[in-house]
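Have a look at the structure below, then the notes.
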Amino acid sequence: MSSPALARHPEDSMPAATAIAEAGPVPAPFPPATPPSFGTLALRWYRLNRAGLRATAIGIISLLAFLLVWHLLTTYRVVFFVRFTNVPSPLAVYASFTKAIHDPKFLLHILLSCRRILFGFSLAAVVGVPLGLIMGRFKLVHEIIFPVAEVLRPIPAIAWVPMAIMLWPTNEQSIVFITFLGAFFPILVNTLHGMSLVDPVLVRAAQCLGARERSIFREVYFPASMPHIFTGLTVGMGVAWVSLIAAEMISGQYGIGYFTWEAYSLVQYADIALGMIAIGVLGLGSSLLIRGAGQLVMPWRLK
């Protein structure tokens with residue numbers, strides 16, 4: 001090998017360390033991201049749920065203020081247009097509650113009322129929603145059924161009790177029937193209202209795209225009417241509880257309505273208030289379940 005080649009060989013075989021040193025310092029890698037602290041996560045969660053927490057706090061304060069006013073009125077036996085002389089205090093109602101929850105008969109009253117509500121309301125929803133959709137779509141069906149429904153709708157549940165006893169062989173069936181009637185008409189009317197508000201442009205667009213009647217019901221009418229349907233379900237649940245309590249007080253032998261009326265007959269004032277509170281809590285829970293179901297099937301309406 002010639003000497004020039006030998007002279008160039010040390011330059012070509014320069015050590016790697018020397019080349020790295022001439023290139024400059026190697027930049028350090030990015031440090032790993034540290035997870036956010038608990039305080040940061042808690043602050044972020046608070047900002048996202050600030051409105052809900054505020055509403056919850058106001059609701060709790062309102063309930064506590066109501067209990068305080070109730071306690072003061074019953075403690076001092078206030079008589080000012082309304083007499084609070086025989087109204088039980090919150091402590092007396094709480095004592096009645098602690099006694100009732102250990103009584104299997106009280107739990108049986110609640111379970112039977114819930115079962116009647118479930119059967120009557122479910123039947124009303126199964127019948128009322130499809131019937132409202134059909135009446136809203138087909139004018140002839142609406143003209144046949146709507147006058148009869150409007151005549152029967154104003155009749156209160158109490159007026160149906162004697163007729164229900166004659167129509168059905170058992171008290172249980174008559175009470176479920178009255179509960180069904182209480183929930184049926186609000187569901188039907190609100191479904192009809194929702195169908196009347198469906199934009200006809202959407203219907204014509206679906207027809208131009210070749211959609212058949214079944215597809216129009218499924219893709220246009222039903223989703224557009226769904227907010228009003230759930231409004232009717234919520235209102236119907238409240239009316240169903242009113243109808244159920246009236247029926248249980250008059251013709252029932254079990255149920256939370258019968259428990260409340262029996263307490264009045266036996267002059268057990270604390271049990272009267274306990275029955276009323278139980279009715280309110282059960283009704284509130286039922287309405288919350290319907291609203292939760294509505295949020296699940298209509299996520300676009302979440303705020």
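One-based numbering along the sequence shown.
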*Mind checking whether Val82 and Val93 sit in one hydrophobic cluster, side chains of I, L, V, M, F, W, Y counted as touching below 4.5 Å?*
yes
*asked:* Go through it in stages, so that I can follow the logic: the residues are Thr231 and Asn190, the test is side-chain hydrogen bond (donor to acceptor under 3.5 Å, both in side chains), and I'd like the CA-CA distance, side-chain angles, deciding distance and then a yes or no.
replied: CA-CA 7 Å; Thr231 300; Asn190 279 274; 5.3 Å; no
*Taking all heavy atoms of Ile178 and all of Ala157, pick out the closest pair and write down the distance.*
CG2-CB, 3.8 Å
*Identify the two heavy atoms, one from Ala183 and one from Pro186, that lie closest to each other, and give their separation to 0.1 Å.*
O-CD, 3.5 Å
*Thr74 side-chain N/O to His71 backbone N/O, donor-acceptor pair under 3.5 Å*: yes
*Looking at CG of Asn171 and CD of Gln253, how far apart are the two atoms once the value is rounded to the nearest 0.5 Å?*
6.0 Å
*Evaluate the ring planes of His142 and Phe146, with Trp represented by its six-membered ring, and classify them as parallel (under 30°), tilted (30 to 60°) or perpendicular (over 60°).*
parallel
*Met226 atom CE: more than 12 heavy-atom contacts under 6.0 Å*: yes
*Is there a path from Leu181 to Phe119 through hydrophobic residues (I, L, V, M, F, W, Y) whose side chains come within less than 4.5 Å of each other?*
no
_Are the side chains of Cys114 and Leu118 in contact, using a 4.5 Å heavy-atom criterion?_
no
*Any side-chain heavy-atom pair from Leu64 and Ile60 closer than 4.5 angstrom?*
yes
*Val235 with Leu133, same ILVMFWY side-chain cluster at under 4.5 Å*: no
*How are the rings of Phe217 and Phe138 set relative to one another: parallel (under 30°), tilted (30 to 60°) or perpendicular (over 60°)?*
tilted
*May I ask you to test the Met195-Leu192 pair for a side-chain heavy-atom distance under 4.5 Å?*
no
*asked:* Contact between Gln173 and Pro169 at the side-chain level, heavy atoms closer than 4.5 Å - yes or no?
replied: yes
*Which is it for Tyr264 and Asp271 under the side chain to side chain contact (heavy atoms under 4.5 Å, CB included) test, yes or no, and what are the steps along the way?*
CA-CA 8 Å; Tyr264 172 75; Asp271 287 345; over 6 Å; no
*May I ask you to decide if Gly283's main-chain N or O and Ser287's side chain share a donor-acceptor pair within less than 3.5 Å?*
yes
*Is Met237 reachable from Met298 through a run of I, L, V, M, F, W or Y residues, each pair having side-chain heavy atoms under 4.5 Å apart?*
yes
*Would you say Ser62's side chain and Ile58's backbone share a donor-acceptor pair under 3.5 angstrom?*
no
*Kindly indicate, with the supporting measurements, whether the criterion side chain to side chain contact (heavy atoms under 4.5 Å, CB included) is fulfilled by Ile245 and Met249.*
CA-CA 6 Å; Ile245 299 306; Met249 285 184 173; 3.8 Å; yes
_Between Glu172 and Arg115, does the salt bridge (Lys or Arg N to Asp or Glu O under 4.0 Å) criterion hold? Intermediate values first, please._
CA-CA 10 Å; Glu172 188 69 21; Arg115 188 183 70 176; 3.1 Å; yes
_Once rounded to the nearest 0.5 Å, what's the spacing between atom CD1 of Ile144 and atom CE of Met135?_
10.0 Å
*asked:* Suppose we screen for side chain to side chain contact (heavy atoms under 4.5 Å, CB included). Which residues come up paired with Ala159, at least two apart in sequence or across chains?
replied: Ile155, Pro156
*Under a single-linkage rule joining Ile, Leu, Val, Met, Phe, Trp and Tyr whose side-chain heavy atoms are separated by less than 4.5 Å, which residues share a cluster with Val79?*
none
*Side-chain donor or acceptor of Ser196 paired with backbone N/O of His193 under 3.5 Å*: yes
*Show your reasoning for whether side chain to side chain contact (heavy atoms under 4.5 Å, CB included) applies to Phe84 and Tyr76.*
CA-CA 9 Å; Phe84 289 90; Tyr76 294 100; over 6 Å; no
*asked:* Donor-acceptor check, side chain of Gln268 to backbone of Ala263, threshold 3.5 angstrom: yes or no?
replied: no
*Side-chain donor/acceptor of Thr98 to backbone N/O of Ala95, under 3.5 Å*: yes
*Spatial distance of atom OH (Tyr221) from atom OG1 (Thr191) [nearest 0.5 Å]*: 14.5 Å
_Within 6.0 angstrom of Phe177 CZ, more than 12 heavy atoms from elsewhere_ = yes
*Considering all heavy atoms of both residues, which atom of Ile256 and which atom of Ala278 are nearest to each other, and what is their separation?*
CD1-CB, 3.9 Å
_According to side chain to side chain contact (heavy atoms under 4.5 Å, CB included), who are the partners of Asp199, at least two apart in sequence or on a separate chain?_
Val201, Leu202
*Starting at NE2 of His102, measure out to CG of Leu107 and round the result to the nearest 0.5 Å.*
9.5 Å
_Closest non-hydrogen atom pair between Gly275 and Thr260, with its separation_ = CA-OG1, 3.4 Å
*Which heavy-atom pair separates Phe184 from Gly128 by the least distance, and what is that distance?*
CE1-CA, 3.7 Å
_Applying salt bridge (Lys or Arg N to Asp or Glu O under 4.0 Å) as the test, list every pair that has at least one member in residues 130-154; sequence neighbours left out._
Arg137-Glu213, Glu150-Arg153
*Taking everything shown except Trp261 itself, do over 12 heavy atoms lie less than 6.0 Å from its CH2?*
no
*asked:* Does any part of the side chain of Phe106, heavy atoms only, come nearer than 4.5 Å to the side chain of Leu274, both counted from C-beta?
replied: yes
*Do Phe185 and Ile187 share a hydrophobic cluster (ILVMFWY, side-chain heavy atoms under 4.5 Å, transitive)?*
yes
*Supply the atom-to-atom distance Ile250 CD1 to Trp160 CH2, rounded to the nearest 0.5 angstrom.*
14.5 Å
*So do the side chains of Phe121 and Leu233 get within less than 4.5 Å of each other, counting heavy atoms only?*
yes
*Can you tell if the side chain of Tyr258 reaches within under 4.5 Å of the side chain of Ser113, non-hydrogen atoms only?*
no
*Measure the spacing between CG of Leu282 and CD1 of Ile277 and express it to the nearest 0.5 Å.*
12.0 Å
_Applying side chain to side chain contact (heavy atoms under 4.5 Å, CB included) to Ser174 and Val161, what does each step give before you reach the verdict?_
CA-CA 8 Å; Ser174 63; Val161 172; over 6 Å; no
_If you define the side chain from C-beta out and look only at heavy atoms, does anything of Val176 sit under 4.5 Å from Trp168?_
no
*Residues that Thr179 engages under side chain to side chain contact (heavy atoms under 4.5 Å, CB included), provided they are two or more places apart*: Ile117, Ile175, Ala240, Leu244
*Closest approach of Ala92 to Ala270 (non-hydrogen atoms, all atoms of both residues)*: O-CB, 3.8 Å
*If you count the non-hydrogen atoms of other residues, nucleotides and ligands that lie under 6.0 Å from CD1 in Ile158, is the total more than 12?*
no
*Tell me, please, which residues at least two apart from Leu91 pass side chain to side chain contact (heavy atoms under 4.5 Å, CB included).*
Ser89
*Should the ring pair Phe259 and His109 be called parallel, tilted or perpendicular, given that the plane angle runs from 0 to 90° and is split at 30 and 60?*
tilted
